[in-house]
Amino acid sequence: MVCVKVLYSVCSWGFGHATRSLPIIRKLKEEGNHLTIISSGETLDLLKKEVGEAVFIDIPDYPVIISEESTKLFAKGLIYGSFSMWRLEKNLRRISKLVEREKFDIIISDGRYDTYSRRIPSFFISHQVRIKNPFDLRLLEIESELFNLFFMKRFKAFIVPDFEGEENLSGDLSHNLELIDESKLCYVGPLSDFKKGEEHEDIDVLISISGPEPYRSDFEKKIMDQIDGVKGKIVVTLGKIKEKGRKLGSDVTVYGYLSREEREEVMNRSKLIVSRSGYSTIMDLAVLNKKALLVPTPGQVEQEYLARYHMERGTFYSVKQRDMDLSRDIEMAKRASGIKVNWNVNKTVEKVFDVIFA
């Protein structure tokens, strides 16, 4: 394969877009391609730490909109909508100048609509071809498909990290579409930065605390208030880089932060995982074949939909954060099936490369 100059842009709404893109980025580096990576904030910091040698550019993307109340969420969407479009147009102009100056061969964008060029092949990675809304209004969902249709004409391919057909992970987010021809989407299978290992499952429950504030701190407080009622060996990760680990009695270990390698090991050792229901987490659980209790971030419509979707399918048990009874809900989660697939992420990366370098 001839080495090329790649511009890779990653959405900075949490770490999920970055972690799922890392297998692709590592493969691009392994094959000697020249990488320039765009992201922002803590997501960019994570990419710098995990990728190593590359050119990194900090370009903020459009803001994430969260509210626990549906009406407030809708109002925020209207208020921030014009600002998001202004930011998108501003970034597009900046990207255009960057492409002209650096002479990139291809562009890959994970979740960022502001990174493409009509001059060179541009590829978009997304699991959310239809965007859910808090009111389940069909008209708004159709409008979200129209939005993606508009951008499909600007990207050479839409790459969906999911399975095609009934046994899929994202449900109506990228299946059962009304306006978009699904045959024109490139379903490649799940992307995860983790691999299934052979570790003995000696941890009964792994609790992963994450999400934007104040919901993250509320989640942590609720977990810590209820953790005494949970039986077995328990590991809690707080997602706080500066916080030191500690023991809570003989059966509970709390870590501020785990490296990717440590997190992969701990997840493989765990019988059940308590976590948010972000799509990247769903893909991790599928690749590792783990059971889970899903607690969506309040006000994140996509997470709430994914939790409900997998609850209805019987793959995972889910509960709203305000209603969580940890010991009860963990026992319910043990009865769910988990996602029964035998999948190696290397297959997904190969399919992505088949699309990009066709």
Side-chain angles (χ1 to χ4, degrees), residues 14-24 26 43 46 49-50 127 161-162 169 189-211 216 219-220 223 227 230-241 243 245-248 251-297 303 306-307 310 315-318 326 329-330 333-349:
F15 293 149
H17 292 271
T19 55
R20 76 185 189 187
S21 275
L22 280 170
I24 301 171
R26 291 194 178 102
T43 301
L46 173 69
K49 181 178 178 182
E50 293 292 340
H127 64 278
D162 194 4
L169 310 181
L191 276 168
S192 171
D193 202 29
F194 300 132
K195 293 182 179 178
K196 186 171 177 60
E198 301 299 326
E199 289 89 348
H200 175 62
E201 290 185 334
D202 60 347
I203 298 171
D204 292 289
V205 182
L206 168 63
I207 303 173
S208 177
I209 298 175
S210 64
R216 198 215 67 83
F219 190 30
E220 179 182 346
I223 291 290
I227 203 164
V230 182
K231 299 176 182 178
K233 184 176 180 179
I234 305 162
V235 170
V236 181
T237 62
L238 301 176
K240 294 180 177 179
I241 295 175
E243 186 149 336
R246 61 188 187 272
K247 293 283 289 186
L248 299 179
D251 292 329
V252 181
T253 305
V254 180
Y255 294 98
Y257 177 79
L258 293 176
S259 68
R260 190 203 70 82
E261 293 79 8
E262 291 169 332
R263 188 168 181 79
E264 181 178 66
E265 179 193 341
V266 168
M267 289 184 76
N268 271 296
R269 289 170 54 197
S270 300
K271 298 175 183 176
L272 184 137
I273 296 169
V274 180
S275 72
R276 296 303 195 187
S277 52
Y279 188 64
S280 293
T281 298
I282 301 291
M283 291 192 291
D284 292 340
L285 294 169
V287 169
L288 298 177
N289 298 139
K290 295 296 177 180
K291 294 188 176 186
L293 167 62
L294 301 179
V295 186
T297 301
Q303 287 195 17
L306 286 168
H310 285 282
T315 48
F316 302 122
Y317 187 75
S318 69
L326 195 58
D329 296 330
I330 284 173
K334 290 177 182 177
R335 302 174 191 175
S337 66
I339 297 171
K340 302 296 184 182
V341 296
N342 182 17
W343 189 259
N344 189 317
V345 174
N346 291 336
K347 296 180 186 177
T348 303
V349 175

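Being a predicted model, the structure only gives us computed values, none of them experimental.
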Item checked: Steps toward side chain to side chain contact (heavy atoms under 4.5 Å, CB included) verdict (Ile339, Phe316) -> CA-CA 8 Å; Ile339 297 171; Phe316 302 122; 3.5 Å; yes
Check: Is the backbone N or O of Leu169 less than 3.5 Å from a side-chain atom of His310, with the two atoms forming a donor-acceptor pair by type?
Finding: yes
Check: Does Asn289 have any side chain to side chain donor-acceptor pair (under 3.5 Å) partners at least two apart in sequence or in another chain, and if so, which?
Finding: none
Check: Which heavy atom in Ser192 sits nearest to a heavy atom in Val287, and how many Å separate them?
Finding: CB-CG2, 3.9 Å
Next item on the list: For the pair Ser318 (side chain) and Leu294 (backbone), establish whether a donor and an acceptor sit closer than 3.5 Å, ignoring hydrogens and angles.
Entry: no
Margin query: Could you walk me through whether Ile234 and Asp251 satisfy the side chain to side chain contact (heavy atoms under 4.5 Å, CB included) test, starting with their C-alpha distance in whole Å, then the side-chain angles of each, then the deciding distance to 0.1 Å, before giving a yes or no?
Written below: CA-CA 6 Å; Ile234 305 162; Asp251 292 329; 5.7 Å; no
Notebook entry, point to check: Looking only at heavy atoms, what is the nearest atom pair of Asp204 and Lys271, with distance?
Noted result: OD1-NZ, 3.2 Å
Note to self: Restricting to non-hydrogen atoms, name the atom on Arg20 and the atom on Pro161 that form the minimum distance, rounded to 0.1 Å.
What the structure shows: NH1-CG, 4.3 Å
Notebook entry, point to check: Should Arg276 and Thr297 be marked as a side chain to side chain donor-acceptor pair (under 3.5 Å) after you check the CA-CA gap, both sets of side-chain angles, and the distance that decides it?
Noted result: CA-CA 6 Å; Arg276 296 303 195 187; Thr297 301; 3.2 Å; yes
Note to self: Tell me the closest heavy-atom pair linking Leu306 and Ser277, and the distance in Å.
What the structure shows: CD1-O, 3.6 Å
Item checked: Asn346 side chain to Pro23 backbone, donor-acceptor under 3.5 Å -> no
Next item on the list: Not counting sequence neighbours, which residues clear side chain to side chain contact (heavy atoms under 4.5 Å, CB included) with Ala333? List them please.
Entry: Leu272, Leu293, Tyr317
Checklist line | Over all atoms of both residues, closest heavy-atom pair of Arg269 and Asp202 | finding: NE-OD1, 2.8 Å
Notebook entry, point to check: Just by modelled atom types, is the Asp193 backbone N or O under 3.5 Å from a matching donor or acceptor in the Arg260 side chain?
Noted result: yes
Next item on the list: Taking Ser270 for its side chain and Val266 for its backbone only, find out whether a donor-acceptor pair lies under 3.5 Å.
Entry: yes
Next item on the list: Show your working on side chain to side chain contact (heavy atoms under 4.5 Å, CB included) between Ile209 and Arg216 and close with a plain yes or no.
Entry: CA-CA 7 Å; Ile209 298 175; Arg216 198 215 67 83; 3.3 Å; yes
Checklist line | Name of the residue among Thr237, Val252, Val295, Ile227 meeting side chain to side chain contact (heavy atoms under 4.5 Å, CB included) with Ile207 | finding: Ile227
Notebook entry, point to check: Under 3.5 Å, is there a donor-acceptor pair between the side chain of Lys196 and the main chain of Asn268?
Noted result: no
Check: Got a sec, which residues hit side chain to side chain donor-acceptor pair (under 3.5 Å) with Glu199, two or more places apart in sequence or on another chain?
Finding: none
Checklist line | Residues in side chain to side chain donor-acceptor pair (under 3.5 Å) contact with Asn342, at least two apart in sequence or another chain | finding: none
Check: Between Ser21 and Ala18, is there a donor-acceptor pair closer than 3.5 Å when you use the side chain of the first and the backbone of the second?
Finding: no
Note to self: I'd like to check the ring pair (Phe, Tyr, Trp, His ring centres under 6.0 Å) partners of His127; sequence neighbours left out, ordered by chain and number.
What the structure shows: Tyr279
Next item on the list: Please list, chain by chain and in numerical order, all residues satisfying side chain to side chain donor-acceptor pair (under 3.5 Å) with Lys247, sequence neighbours excluded.
Entry: Thr253
Note to self: Please check: side-chain N/O of Lys291 versus main-chain N/O of Lys334, any donor-acceptor pairing under 3.5 Å?
What the structure shows: yes
